[in-house]
Every structure is written in structure tokens, then in C-alpha cells.
Amino acid sequence: MRHNVYLAQVNNRFGDQAFLPYSVGVIQAHCQRQPEIAASFDFQEFIFLRENIDQLAGRLQDPRVLGISCYIWNWEYSRALARAVRSTHPDCLIVMGGPQVPLDSQDFFTTNPAVDILVHHEGEFAFADILREFLLPEPDYSGIAGLSVRGESGACIRTDAREALKDVSQLASPYLDGTFDALIDLPYRWNASHETNRGCPYSCTFCDWGSAVFTKLRHFDDDRLMAELDWFGRNRIEVLYNCDANFGIVPRDIELAQKLAEVRADSGYPVQFRPSFAKKSGPAVFQIAKVLQEVGLQRGITLSMQSMSDDCLTVIKRRNIKQDNLTELLKLYRSHNMPTYTELILGLPGETLDSFRRGISRLFDAGQHEGLLVYLCELLPNSEMATLHYRTLHSIRTTRLPMLLGYATPSADDVQEYFDVVIETATLPFEDWQKCFMLAWAVQCFHCLNITQALAMYFRTELGLEYHVFYEDLMEFASDNPGLMLGQRYADTVAVMLEGAGGVGMGRPVSGFGDLMWYPEEASFLNMITRKDELYSELITFVAYLTSRHDVSIPAALLDDLISYQKASLVDPFSPAESHLHLRHNLSDYLEKVYYGMTPQLKPSDCDVTLRAVDEYRGDLCKYAIQAVRYGRKNNHLRRSNIRID
């Protein structure tokens, strides 16, 4: 008798793009290598897209075993799927695994009675052992290492921990052995995951990576990895995600990058490559970036920070990977026309209002003007930060928010995913968290998306006004003028923030820019960019307010140049790629030097300047939203950076 096995790793669809279900693909590939499993089980079609759960459960043909891979973006859906399959197919053995499965599972089966088994940590060998046990007349899963099993009374039976898989080369490749052959012909532009090693040598308290794959790096075989890269090219993979914790930390990663570049040059695929670069950026990462840039696969180098506060970095166990040479790294990448971006996390314990404010100014002073992204601190279930001891020690308070799955296409299911966001710590009271949130909104919307970048740089360089003060003053001006467009956007964002703190989702659609949900700073930006003339008229009034507030002055001709240059620099959906203007000061050269962290001399100089954008959008708002804002904000596509002076 043969038994049907279904594997589920559910993700969202992004337009016509979909993800190949790599995690369960590796499990299936490994299991099908085992003779006794191959002889007794038939693996059915993968469950990989969100859809109506009742219809999905009813479509399954006599499922005897269902394995579900879970993470934060599909946790509620996965639990609902387990309930639906239990109701429709009561005899099915339901197994859940993945990083979201709680390591502290004592009460899990009480609240999730539809689930039979939880697999902790790596699942390939554990799931194979489960299938072998399933074949026995009276299976007893409590003898398999690394599981939590629902007992007859519903109580949790926890087995001994399973050791990490020391030799990951024992695992088959789902790409090379045909596991995904039935999927690849479906009408999607596919995203794929490429795993070259497992493990992370760092122990950041906000991260669950260590709990998921252990800390010691274990490497997949070189020949396998090279063959997989060829497979991605042959099968026209649209976006390739490298899923190592620190791409560039291993010497051979440069060889993998060179091979990927060859594949891209030969086949045109993948179209995009998304790695998580090594936390400590160095020569190897720069060399990899150069290789990828030559074939158009370099989409931004992460210069990882998370916080600029030494106290915070100590608390979150990240002090040892702080980028002390950030300014020099930014200069190096900028001199080779390679975009970079830096991520901060709002709400980390040890952060204060003052350290957050000054941290943003320090980043801009270092030259990181375009690529700053501020994320809300999430409590991941198996991270150290989520433990009761850590939360109590740092007085962490959270709110449960509907998850914003940015840019995802709405699906047919009605299952909402959630995440727990930190809104208060011992060092950051809720009132201060609100101020940080609004500052993060202002600097991302106005500075990093290039509405006021040149203006703020001038005020900092010539008048000594710190960047965070510039944007706090901008918010005060907006708050005092609710009838202006700036005031409306400010008020809307305050409402979004307060609704979020109360448990309402923060994503917002923007009319005309596609059927997508946008982050608050992006939503504000898109709502203003179609009214560009009105926006800069208001900003002229703001500059007058700012100069009066700080008792400084700007010559009328210089202010006119600054506004004209800033406005021309900002890429909008309607204007052509090239923008021409006449200046009476050497602003182009001046601002370029500021980007490099220099203190140049601003002086009168009549010149004609041509600014050119990477692309033009001819009024196509959807194209602009996706290419310039969604992807382009990390790649400096919102600033006309190709400059010619006549």
C-alpha cells in the first residue's frame, strides 16, 4: 500500500512572481532518496500559494501525511490549514516545522489540537524518520529525536534534542534531482532560494537564525552549488535569493559570485540577486559586489548597523560587528557607483530617544543619504529577545500588529498574519518611541526618497544644523500647518502610528499606484509626488520658517538655486529622464563632495547643468511605484545622479 504525502510551504504571490518552496523541496528530495520511503510514499503536488483553505483541504486526495513549513509570514495560515485538513481528513498525520515552531512547546497542542507533531530545528532527517515510523503497525513518534509530540491526552511529549546535521552535503538538491520539474512549467516568474551554507556565528538577541540552523557554519558541496547556479539560468529564475546568513564570509563565495555572473551573462537570468551580505563588510564583499555589478546583478550592498548606539549594541549582543569604518566604506562603494543601504531597527532595548536621533544624524554625516531603512523591532518566537527573562529584564512592551506583507498581491484566503512589535522598553518609553517613529518616517520619506535631501545637506554643511533637527523642525512646521499638503501627510502618519500601536495594520494603499500596500513613508511620498509643484512651493515656506527659527539667512539667488536643483534632482513619474537647469552656484560639485563626507566650498559659478535619471516613466504610475520606489529606493533611482556641467 502506498501513502500520499503533501508538503506545504505557503507564500504570497507578487504579481506573476511566486516562490519555489525550497524548504519542503529539500525535505522531499532527501526523503525520496531513502529506498523504504520511496517504495511506500507518493509525494503529491506542493502547496505553495495562499488560496481558499477550505477549497484547498477538499482538493487533497487521501492525504496520509501533511508536512507544513512555517515562518512568520504564513504562521496563521499554516495553523488554519492544519485545522481544515484535520476536519476534512481526520486520519491524516499533520506535522509542522520551520523557524516559527515554538521551541517552548509545552502548551502548543492544547491550543492547536489539529497538529500531531512539531519538528524542531532542521527537518530533513526528522521528517524521514517520521515517515519510517508511520509505516510501523503501532508507530511511536516519541522515540524520534528533535520532536514535540501530542500525547493521547493532548499533552506535549518532548523528545531529546536532535544534533545539528554536520554534513549538509548528505542532503539532495531539489533543483538537480527533478523535485521542482512539475512546478517550473507553471505560468509564473519564479523566485528561488540558494543555500550555500547553514549557520551564523553571531548571536544577536533579536534574531532567530541561530535557533533555526545552529551557529557553526556547515557548507554544501561546491560542485552541487555550481550546478544549481546553471539550473537557475536554464530555468529562467527571475529573482534568486541567497539564503545564507552572511554571504561573503566564506572565501569561496567570490567563486560562486563569479559563476553566477557567468550564468547571468550567458542566459540573462537571474534578473535579480538578493543576498544577505556578511555583517562585517570587508574586501571580500566589495570584490563580490564588483563582480555582480558588471552583469547588472548588484542591487545594493548592506552595510549592517541596526543601531548606532554602543549601549544598544551591547544589549543586543551585536557590539562585535559594528562597522567602525562606515564612512570609508561608503566612499569606496560610491566611488565605484555601487549603491549601499543601512538598516536600523526601531525599538531595540538599550536605545534611547537621544541615541536614535543622533544615530540618524551620524549616518547622514557619514554619507549614507539615500539608503537608510528603518524597521520596527519584531519579537520572533525563538529569539532570545522573546524570552520572558529578556523581556522582563528590559521592560519590553509589544503590540500585536497585522503584518504588512509589502507589495504582495491580495490572495483568495482571509487569514491575517500578525507580528509582535516592540513599542516600549526600559530605555525608550512609549512617548519617546512615538517621536522616534515619526522621525524615522520623516527622514525616510523626505531625505532618503530625495524630496529635501540637498536642502538638508546645505543646512548641515553651511549652517551646522544637525540632520535630525532639520527633520524635527519640518515635522513641527507640518503639524502647525494642517491645511498644507505637508500637514496632511504628517497628520495621516501620526494616525497610522497610533492605530498601529493599538493593533491596526500600518500598510496603506495609494490610489493610482497599483493594487499594493505601501509602508507609511512610501505612501506619504507617493501621495505627494504627483503634486510636485505644490510640494516645493510649501517647502519654500518651510525654509523661511527654518531660517527664522534658527536666526540664519540664505541669499535669494542661492535659495532659488537650491530649490531648483532639489526639485530637478527628484525623479517623478512625469518628467523626462533628463532635466536641464541654469545655476548661479557650483551646487552640483558642492553636493557631490558632501556625499563623500567632505566639506566643500560653495561659491558663485554660472553654469548649465544636465541631470539624468536611470529611467523615465512617461506617466506610468504603477511602473514608477514598482521600479523607482519599491526597488529603486535601495538603488538611488529617485535622484538624478548622472550629472553633466556645461
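- Ion pairing of Asp16 with Arg189 is present here, as a side-chain N (NZ or NE/NH1/NH2) and a carboxylate O approach within less than 4.0 Å.
- Between the side chains of Ser575 and Asp572, a donor-acceptor pair is found at a separation under 3.5 Å.
- In this model, no donor atom of one side chain and acceptor atom of the other lie less than 3.5 Å apart for Asp492 and Ser524.
- The pair Arg357-Glu351 fails the salt-bridge criterion, with no side-chain N (NZ, NE, NH1 or NH2) lying under 4.0 Å from an Asp/Glu carboxylate O.
- Checked for salt-bridge contact, Asp615 and Lys623 meet the test: a charged N lies under 4.0 Å from a carboxylate O.
- Seen from the ring of Tyr341, Lys634 counts as a face-on cation partner, given the 6.0 Å and 45° thresholds.
- Considering Arg318, Glu343, Lys279 in turn, Arg318 is the only one that fulfils the side-chain hydrogen bond (donor to acceptor under 3.5 Å, both in side chains) rule with Ser304.
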Take Ser605 and His585 through the side-chain hydrogen bond (donor to acceptor under 3.5 Å, both in side chains) test and state the conclusion after the steps.
CA-CA 4 Å; Ser605 176; His585 298 81; over 6 Å; no

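- In the model, Arg639 has a side-chain atom that pairs as donor or acceptor with a side-chain atom of Tyr595 under 3.5 Å.
- Annotation: cation-pi geometry not satisfied between Arg630 and Tyr519 (NZ/CZ under 6.0 angstrom from ring centroid, within 45° of ring axis).
- Counting only N and O atoms by type, the side chains of Thr610 and His580 include a donor and acceptor under 3.5 Å apart.
- Contact check on Glu476 versus Arg549 returns a salt bridge, with a Lys/Arg side-chain nitrogen under 4.0 Å from an Asp/Glu carboxylate oxygen.
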May I have the step-by-step check of ring pair (Phe, Tyr, Trp, His ring centres under 6.0 Å) for Tyr241 and Phe19, ending in yes or no?
CA-CA 10 Å; Tyr241 287 82; Phe19 281 84; 5.4 Å; yes

From CA spacing to verdict: ring pair (Phe, Tyr, Trp, His ring centres under 6.0 Å), Phe446, Phe470:
CA-CA 11 Å; Phe446 291 92; Phe470 180 96; 9.2 Å; no

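- Taking 4.0 Å as the cut-off between side-chain N and carboxylate O, Arg644 and Asp646 count as a salt-bridged pair.
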Between Trp433 and Phe437, does a ring pair (Phe, Tyr, Trp, His ring centres under 6.0 Å) hold up when you go through it step by step?
CA-CA 6 Å; Trp433 178 88; Phe437 182 99; 5.5 Å; yes

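- The two atoms that bring Asp473 and Tyr545 nearest to each other are O-CE2, 3.8 Å, heavy atoms only.
- With respect to Glu522 and Arg508, no salt bridge is recorded, no charged nitrogen being found less than 4.0 Å from a carboxylate O.
- A side-chain N or O of Arg236 and one of Tyr269 form a donor-acceptor pair less than 3.5 Å apart.
- For the pair Lys567 and Asp533, the salt-bridge criterion is met [side-chain N within less than 4.0 Å of a carboxylate O].
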Criterion ring pair (Phe, Tyr, Trp, His ring centres under 6.0 Å) on His447 and Tyr471, from CA distance to verdict
CA-CA 9 Å; His447 194 90; Tyr471 288 104; 5.5 Å; yes

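- Taking a cutoff of 4.0 Å between a charged side-chain nitrogen and a carboxylate oxygen, Arg489 and Glu521 do not qualify as a salt bridge.
- Heavy-atom minimum distance, Ser588 versus Val609: OG-CG1, 3.5 Å.
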